Amino acid sequence: MSQDGVSSGARSSGPRFLVVGCGGIGGLVAAHLFAGGHDVTALTTNARIADAINTKGLRVLGENSPGVVRGRAVTELGPGTEPFDYILLATQPPQVEEAARGVLPHLAETGAMVTFQNGLCEPRLARIAGPERVLGGVVAWGASMAEPGVYERTSPGGFVLGRMDGQPDDRLYPLAKALGSIGETILTDNLAGARWSKLAINCSISSLGALGGDRLGVLLRHRFIRRLTLEIMTEVVLVARASGVKLQKVSGTLDLDWIALSDADRTAVASPSLFAKHAILLAVGTRFRKMRSSMLAAMERGRPPAVDFLNGEITSRGLSLGIATPINAAVQAEVHALAASRTPPSLALCRALYERTRSLVNAPFSIPPPPAEADPAALDPEIPPPPRKATTARATSPSSLEL
Ligand SMILES: NC(=O)C1=CN([C@@H]2O[C@H](COP(=O)(O)OP(=O)(O)OC[C@H]3O[C@@H](n4cnc5c(N)ncnc54)[C@H](OP(=O)(O)O)[C@@H]3O)[C@@H](O)[C@H]2O)C=CC1
Ligand SMILES: CC(C)(CO)C(=O)C(=O)O
């Protein structure tokens, strides 16, 4: 750090990193890597972000912030660019395949692309780069870009890193070390478990955040949003279990197996179990109150919402497994309608969604127990999941569950 409080980010002789996308996540990751003296190049297709970074540096606010960090951002890579050991993909899911194709020629032969996207993007990238050259990076913290080059860390948390097949990989250790200054970074042999836990969080929090247009602290204060959150998460847990996924917690956040609504929860008017689940969501809302949906941020910039990569994964897999996912389907449709209408998001939209879906959600079901062992093929839809007893929701009369 120099006397004016600006990190210079001097070059090291370690691995070469390329960060692709300099929005909330990519900008903050690039800032930490520059500040740590790593050999890093930041690539963005957004010329305003590149200009801001190149003239004023990466300005990071919030918890565990490196402050103002000098670094260079480019809008393209020249043909003579030396290959990168790690390509950290930090675009939104709808752009990730195109971004990966564009930078593939710059990946070292033994290097790896790392997926920071929410959703289940690893198999998509494996088809582009080959499964051996893809590592999963579950981002268990939040960040937003307030204006080009200005980043706000919106929550604590770290990363969960692993391979799709759960095998050890020597490339994970230097990566974990480099990302360690951002937050606790752990390696897993159950990447699918961490991915699906994060997916349950995104199907509810990112999508309801895009519809509601506010930060998590405001959203989760409302009982109808907590109830929708519980219902969305329950559907994700059902589909995950039927797909052979053993859920793994990310950064000490929610235990999805516990929070999923039981048959008794779904039909109860009030119960200690429901009270505890609402209380946990209230606590999450307080702890992570500044979190802002990245889908909301993308829509504000006129980008398509990533909802088909989140709730869409649940509705399409639910369909093929015979599991009803009416709330994820309703959320997916509502986000598309909002994006098409170009009207502003609002809490009223979430309330209307809640009211409209009451007749769909009170069906009891027998939730199968979590699998004893993680299935390493659970991330790849091309490998058929192990046979499991399918569960279907039965339509019953609506009940008026509220705490
Ligand atoms: N924000 C968060 O709190 C969290 C986000 N994530 C995940 O991280 C990923 C990134 O999120 P976030 O940073 O918030 O998203 P942003 O939308 O803020 O940033 C993505 C950036 O990538 C740029 N971009 C698009 N295509 C390319 C390309 N081909 N090459 C280079 N840059 C490109 C976009 O340009 P443009 O500005 O023109 O749109 C944008 O600036 C998402 O997949 C999200 O799922 C995970 C956990 C938390
Ligand atoms: C959970 C959340 C909201 C954290 O910011 C997120 O991952 C996203 O919106 O992409």
Side-chain angles (χ1 to χ4, degrees), residues 18-30 41-50 52-53 62 73-77 87-104 106 114-121 124-125 136-160 182-183 194-195 197-210 212 214-217 219-220 229 250-251 253-254 284-285 287-307 309-310:
L18 175 66
V19 180
V20 182
C22 299
I25 296 298
L28 205 128
V29 167
T41 300
L43 175 68
T44 173
T45 43
N46 185 323
R48 288 183 61 214
I49 299 179
I53 292 176
V74 296
T75 51
E76 57 188 359
L77 298 171
I87 295 186
L88 312 181
L89 294 165
T91 68
Q92 292 275 340
Q95 287 94 41
V96 72
E97 285 158 279
E98 190 192 334
R101 278 190 208 97
V103 294
L104 184 62
H106 300 282
V114 185
T115 54
F116 284 161
Q117 286 64 39
N118 293 319
L120 306 170
C121 291
R124 296 172 190 272
L125 294 167
V138 181
V139 178
W141 48 276
S144 296
M145 187 175 68
E147 60 180 90
V150 179
Y151 302 98
E152 182 195 2
R153 172 87 182 240
T154 55
S155 86
F159 295 89
V160 181
I182 300 169
R195 267 284 169 239
S197 287
K198 186 71 204 291
L199 182 60
I201 293 170
N202 293 117
C203 286
S204 44
I205 285 169
S206 305
S207 299
L208 294 176
D214 220 321
R215 292 187 187 243
L216 192 57
L219 297 173
L220 286 182
T229 297
V250 286
S251 275
T253 51
L254 291 170
V284 165
R287 175 145 193 249
F288 299 101
R289 62 192 166 281
K290 290 188 194 157
M291 268 193 172
R292 195 166 189 275
S293 160
S294 61
M295 196 189 299
L296 173 63
M299 286 165 78
E300 286 169 344
R301 290 201 312 276
R303 290 282 197 184
V307 70
F309 294 78
L310 306 176

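Counting starts at 1 for both ligands and their atoms, following the listed order. All values derive from a computational prediction rather than experimental measurement.
- Near Ile205, with a cut-off below 4.0 Å to any heavy atom, the atoms of ligand 2 are 3 (C).
- Side chain of Gln92 to backbone of Pro304: no donor-acceptor contact under 3.5 angstrom is found.
- For ligand 1 and Gly142, the ligand atoms under 4.0 Å from any heavy atom of the residue are 3 (O).
- Scanning the protein heavy atoms around atom 19 (O) of ligand 1, the nearest turns out to be Gly23 CA, 3.2 Å.
- Shown in contact with Leu43 at under 4.0 Å from a heavy atom are these atoms of ligand 1, numbered in order with element: 31 (C).
- Close approach to Ser293 involves these atoms of ligand 2, each under 4.0 Å from a residue heavy atom: 9 (O).
- Judged by the shortest distance from any of its heavy atoms, Lys198 lies inside the 4.0 Å radius around the atoms of ligand 1.
- For atom 31 (C) of ligand 1, the nearest non-hydrogen atom from the set Val29, Thr45, Thr154 comes from Thr45.
- Residues Arg195 and Cys121 are not in side-chain contact: their nearest non-hydrogen atoms beyond the backbone lie 4.5 Å or more apart.
- Checked by atom type and distance alone, the side chain of Ser204 pairs as donor or acceptor with a backbone atom of Ile201 at under 3.5 Å.
- With a heavy-atom cut-off of 4.0 Å, Gln117 touches ligand 1 through backbone and side chain alike.
- A side-chain donor-acceptor contact under 3.5 Å links Gln117 to the backbone of Leu89.
- Near Ser206, meaning under 4.0 Å from one of its heavy atoms, ligand 2 places the atoms 3 (C), 6 (C), 8 (C), 9 (O), 10 (O).
- Geometrically, ligand 2 and Trp141 share no nitrogen or oxygen pair separated by less than 3.5 Å.
- Here the protein heavy atom with the shortest distance to atom 10 (O) of ligand 2 is Ser294 OG, 2.5 Å.
- Between Thr44 and ligand 1, no N or O atom pair is found at a separation short of 3.5 Å.
- Protein heavy atom nearest atom 9 (C) of ligand 1, with residue, atom name and distance: Thr91 O, 3.4 Å.
- The distance criterion of under 3.5 Å between nitrogen or oxygen atoms is not met by Arg292 with respect to ligand 1.
- Heavy atoms of Gln92 approach ligand 1 to within less than 4.0 angstrom.
- Considering backbone and side-chain atoms together, Arg303 places an N or O closer than 3.5 Å to an N or O of ligand 1.
- Given atom 5 (O) of ligand 2, the protein heavy atom at minimum distance is Arg292 O, 3.6 Å.
- Using a 4.5 Å heavy-atom cutoff, the side chains of Thr41 and Leu43 are not in contact.
- Although no hydrogens or angles enter the test, the distance criterion places a donor-acceptor pair under 3.5 Å between the side chain of Arg153 and the main chain of Ile182.
- Scanning Trp141, Phe116, Tyr151 for the heavy atom closest to atom 48 (C) of ligand 1 points to Trp141.
- Numbered from 1 in the order shown, with element, the atoms of ligand 1 that lie under 4.0 Å from a heavy atom of Val20 read 30 (N), 31 (C).
- With hydrogens and angles disregarded, no donor-acceptor distance shorter than 3.5 Å links the side chain of Thr44 to the backbone of Thr75.
- For ligand 1, the atoms closer than 4.0 angstrom to any heavy atom of Asn46 are 36 (P), 37 (O), 38 (O).
- With rounding to the nearest 0.5 Å, the separation of CG in Leu219 from CD1 in Ile205 is 8.5 Å.
- Taking CD of Gln95 as the start and OG1 of Thr45 as the end, the distance is 7.5 Å to the nearest 0.5 Å.
- Within the 4.0 Å heavy-atom criterion, neither part of Asn202 lies near ligand 1.
- Side-chain contact between Phe159 and Val29 is present, with at least one heavy-atom pair separated by less than 4.5 Å.
- Residues forming a side chain to side chain donor-acceptor pair (under 3.5 Å) with Arg292 (at least two apart in sequence, or on another chain): Glu300.
- Between Leu310 and Leu199 the shortest side-chain heavy-atom distance falls below 4.5 Å.
- Taking every heavy atom of Asn202 and a limit of under 4.0 angstrom, the matching atoms of ligand 2 come to 1 (C), 6 (C), 7 (O), 8 (C), 10 (O).
- With sequence neighbours left out, Ser197 forms a side-chain contact (heavy atoms from CB on, under 4.5 Å) with Leu247, Leu256.
- Judged purely by atom type and a 3.5 angstrom limit, Lys198 uses its side chain to pair as donor or acceptor with the backbone of Val139.
- In this structure a side-chain-to-backbone donor-acceptor pair under 3.5 Å is present from Tyr151 to Cys22.
- Nearest-heavy-atom check against atom 18 (O) of ligand 1 across Gly137, Gly24, Pro94 picks out Gly24.
- When hydrogens are left out, the protein atom nearest atom 14 (O) of ligand 1 is Ser294 CB, 3.3 Å; that is the closest non-hydrogen contact.
- Taking a 4.0 Å cut-off on heavy atoms, Gly209 fails to register as neighbouring ligand 2.
- Here the heavy atom of the protein found nearest to atom 41 (O) of ligand 1 is Ile49 CD1, 3.5 Å.
- Remark: minimum distance from atom 13 (O) of ligand 1 to any protein heavy atom is reached at Ile25 N, 2.8 Å.
- Residue-level proximity to ligand 2 for Asn118 is carried by the side chain, the only part with a heavy atom below 4.0 angstrom.
- No N or O atom of Val139 sits closer than 3.5 Å to an N or O atom of ligand 1.
- Listed here is the closest heavy atom pair of Ile49 and Gly149: CG2-N, 4.4 Å.
- Looking at heavy atoms from C-beta onward, Trp141 lies in side-chain contact with Ile25 at the 4.5 angstrom threshold.
- For atom 10 (C) of ligand 1, the closest heavy atom belonging to the protein is Ala90 O, 3.4 Å.
- In this structure, Val96 and Thr115 have side chains that are not in contact, with every pair of non-hydrogen atoms separated by 4.5 Å or more.
- Nearest non-hydrogen protein atom to atom 40 (C) of ligand 1 is Arg301 NH2, 3.3 Å.
- Closest to atom 29 (N) of ligand 1, if we only count protein heavy atoms, is Ala99 CB, 3.4 Å.
- Looking only at distances, no side-chain donor or acceptor of Ser206 sits under 3.5 Å from a matching main-chain atom of Met295.
- The closest heavy-atom contact to atom 6 (N) of ligand 1, among the options Val138, Asn118, Ile201, comes from Asn118.
- With a 4.0 Å heavy-atom cut-off, ligand 2 is reached by the side chain of Lys198 but not by its N, CA, C or O.
- The option from Ser144, Ala100, Ala143 that lies nearest to atom 1 (N) of ligand 1, judged by heavy atoms, is Ala143.
- Contact annotation: the side chain of Leu77 approaches that of Leu18 to within less than 4.5 Å [non-hydrogen atoms, C-beta and beyond].
- Taking 4.0 Å as the cut-off, Ala297 does not count as a neighbour of ligand 1 on heavy-atom distance.
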